[in-house]
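Shown next, in structure tokens, is the structure this report addresses.
Throughout, protein chains are lettered first and strands after them, A, B, ... in sequence-line order, and every chain is numbered starting at 1.
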Amino acid sequence: MLAIETHELTKTYQGIGGCQGISLAVPQGSIFGLLGPNGAGKSTLVKMLVGLLHPTAGEAKILGKPIGDVTARKRVGFLPENFAYHDWLTGKDLLRFHASLYGLGKSEAIQRIPQVLTRIGLKDQRGKKIGDYSKGMQQRIGLGCALVADPDVLFLDEPTSALDPIGRKDVRDLLVALKAEGKTVFINSHLLSELETVCDQIAIIKESRLIFQGDWREIVNKGTRVKVITGKQPLPQEINASGGFNLVSHRDLSSTGESNSKLQELIFTCPAGNSIPLLVEHLVQKGFQIHEVTPITDSLETMFFQYISNSTE
Amino acid sequence: MLNIARLTFMEVSRKKIFMVTIVLSLIFLLLYGVTLERAAEDMSRMKDMGGQQMIIHQVIGSQLLGLGLYFASMLLALLSLMASVGSVASEIESGLLHAIVSKPIKRSDIVLGKYFGYGLMLSSYALVLFSGVMAINYLYNANVLSLLTGPLLVYGALLFALQPLILLGVAMVFSTLTRTLTAGIISFTLYGLGMVGGFFEQIGGMISKSSLVNIGIFTSLVIPSDALFRKVVSIINGNQDNPFSALTAGPFGSTVPPSNAMLVYTGIYILGCILLSIYNFKKRDL
């Protein structure tokens, strides 16, 4: 069973904007990143999935149940992008209130709340009023509200927007820990570098439509580039033809003024990540002395910009 | 629903507008008490004049009682509208409801919880205010309450406490439908319409002008807050049994007491407001 499943999910405003025809499949126990430029429809999609917006068309299921189903929502946590909470309540009281919204019993809440406070790093501030919290602390308590019922699926809309670098790292560690516990995390964020470190799969939305969905590492590894430092020797004619490798760059390191003046740098594109040993074997057969082999992996950012610009053309 | 109602009740009691209204209420009750005390002194001086003092007592006393209840009702209306008009709209605008609506709770429970939280607080406040006004009248204006029995007093108090529920219902309908400012403007306009319609109806009753009475009846159908107030006044004045009931006429009196059918209509009106608020909120995109 998928954690989140949407089929042609659409939300438009007078026929335009929002998001259109979104079909997603998010496996359980994964961290799924939702990317897209501002106004692409990311928040619209998240809001539909958590029941804040009514879809114009299509359908969506969470843990096999329709999005409006109350039993499914018992297993869902949500941190809104524009988080706002009752500022006159203390952090502990707020968690108690949200626990009651989940239908948690008093004893269950008493047991659960200290765990959550520890997890979000607000144990010592539990008696402080929300109004006296910093922006980052408010975002943390929002995360606590989402986690208080130990949900199986967690929707986080820009979860680190108000956090400092330490807070961001804490959240990243928390996400990894949640994944290890088998939870599914669906993140909407602009911070590509953060998604890159934690996400298994991503979806990219542009101008209300889904333009990519899948394992981003698989994509960037598809056309792996490899930098090879070899001893300096003439390049044979057939080096490009064998094994699907393509030499795309050749540089004599003696011209750089470096101490390794008898070396050269070759950059190849390979059909897949596991073809690197074949390339090395091939070069050795051709008599090259191999000094260094480094795969060059594209970042999520590079891939994101490629998709965004390609879909424009 | 109960957790929302409890939180709402606590929240209203913390709002500045509530504290301001409490202070204004105390000032009002103090001034009202002083006025009635002075009036009572004047009345006792008039005792020896003979002749018409009984009628004068009744006319002035009724007007003072009506005035007290009217201003208490106005204070109550201000608090009801100002506290509740943003109950849903402002929480949508601030994002406060986003984390709540996404929880496993029905949207209808959120509306009902808010309605009962505000309703309990406002009705309790209404009873305190009503008790204050009546206590002052028992102290300094007891003649006018000579026909008021215990059951009628309780009945009047309950109807008085029902007033904020009408305005709360109206405010919730618009709060679930529009933005806070719009909801506020519409709700206050409707309340004002009810007030003006009520005055028209009383004046129409005094000068036997049916067109003015009909305008009053029409506005009572649009918003029955003023009609309910007139009903309270007629009960407190004991209009049905009072041989001087005609003397209670005036802007704060009740020359044309609303029928019991109007009370049934008020009940249906409140229920309709709650159902409409639920419908609006269920349909609304946040």
Side-chain angles (χ1 to χ4, degrees), chain A residues 11 13 18 43-44 46-56 62 65 67-89 93-94 96-104 109 129-131 138 141-146 148-149 151 153-155 157, chain B residues 1-20 83-84 86-114 116-118 121 175-180 278-286:
Chain A
K11 176 71 188 177
Y13 302 93
S43 287
T44 301
V46 174
K47 282 182 171 181
M48 272 195 285
L49 292 173
V50 297
L52 299 182
L53 292 178
H54 301 292
T56 314
I62 292 178
K65 291 182 175 160
I67 41 176
D69 190 288
V70 172
T71 52
R73 284 216 231 141
K74 280 197 171 191
R75 298 169 66 190
V76 172
F78 171 52
L79 171 68
E81 181 182 10
N82 300 318
F83 50 90
Y85 298 96
H86 302 89
D87 53 8
W88 49 277
L89 287 176
D93 288 340
L94 183 73
R96 201 179 290 150
F97 169 63
H98 278 265
S100 75
L101 292 176
Y102 276 109
L104 258 63
K129 284 185 181 168
I130 307 290
Q138 288 188 15
I141 199 72
L143 200 54
C145 292
V148 74
V153 179
L154 200 60
F155 288 93
D157 203 348
Chain B
M1 186 187 82
L2 285 178
N3 41 18
I4 301 281
R6 193 169 52 239
L7 190 85
T8 306
F9 186 88
M10 286 162 65
E11 193 165 20
V12 184
S13 62
R14 298 182 60 87
K15 281 191 174 177
K16 272 184 190 160
I17 180 69
F18 187 72
M19 301 311 291
V20 169
S84 64
S87 59
V88 176
S90 69
E91 291 192 4
I92 292 175
E93 287 156 22
S94 70
L96 199 72
L97 273 178
H98 289 184
I100 294 173
V101 173
S102 60
K103 298 286 189 295
I105 178 169
K106 290 178 186 168
R107 288 195 179 198
S108 56
D109 285 346
I110 295 174
V111 173
L112 287 173
K114 283 188 173 290
F116 288 124
Y118 277 112
M121 171 59 78
S175 191
T176 49
L177 191 67
T178 63
R179 297 180 72 84
T180 311
I278 291 172
Y279 175 81
N280 288 344
F281 193 52
K282 272 187 176 175
K283 291 277 172 196
R284 187 154 179 185
D285 282 331
L286 306 185

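- Between A:L52 and B:R107, the closest heavy-atom pair is O-NH2, 3.3 Å.
- Not a single donor-acceptor pair under 3.5 Å links the side chain of B:H98 to the backbone N or O of A:A84.
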Test A:K47 against B:V101 for side chain to side chain contact (heavy atoms under 4.5 Å, CB included), laying out the working first.
CA-CA 10 Å; A:K47 282 182 171 181; B:V101 173; over 6 Å; no
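- Looking at B:L2, neither its backbone nor its side chain comes within 4.5 Å of chain A, counting heavy atoms on both sides.
- Of the atoms belonging to A:L89, it is side-chain heavy atoms, and not backbone ones, that fall under 4.5 Å from chain B.
- At a 4.5 Å heavy-atom cutoff, the contact between B:R284 and chain A is made by backbone atoms alone.
- The backbone N or O of B:S94 sits nowhere less than 3.5 Å from a side-chain atom of A:N82 that would complete a donor-acceptor pair.
- Among B:I110, B:I100, B:L7, the one residue that satisfies the side chain to side chain contact (heavy atoms under 4.5 Å, CB included) test with A:L101 is B:I100.
- B:I105 CD1 to A:K74 NZ: the interatomic distance, rounded to the nearest 0.5 Å, is 11.0 Å.
- The greatest number of non-hydrogen atom pairs below 4.5 Å with chain A, out of B:E11, B:R6, B:M10, B:E91, is found for B:E11.
- Of all non-hydrogen atoms in B:I4 and A:F97, the two that sit nearest each other are CD1-CZ, 4.1 Å.
- Considering all non-hydrogen atoms of both residues, B:S102 and A:R73 come closest at O-CD, 3.3 Å.
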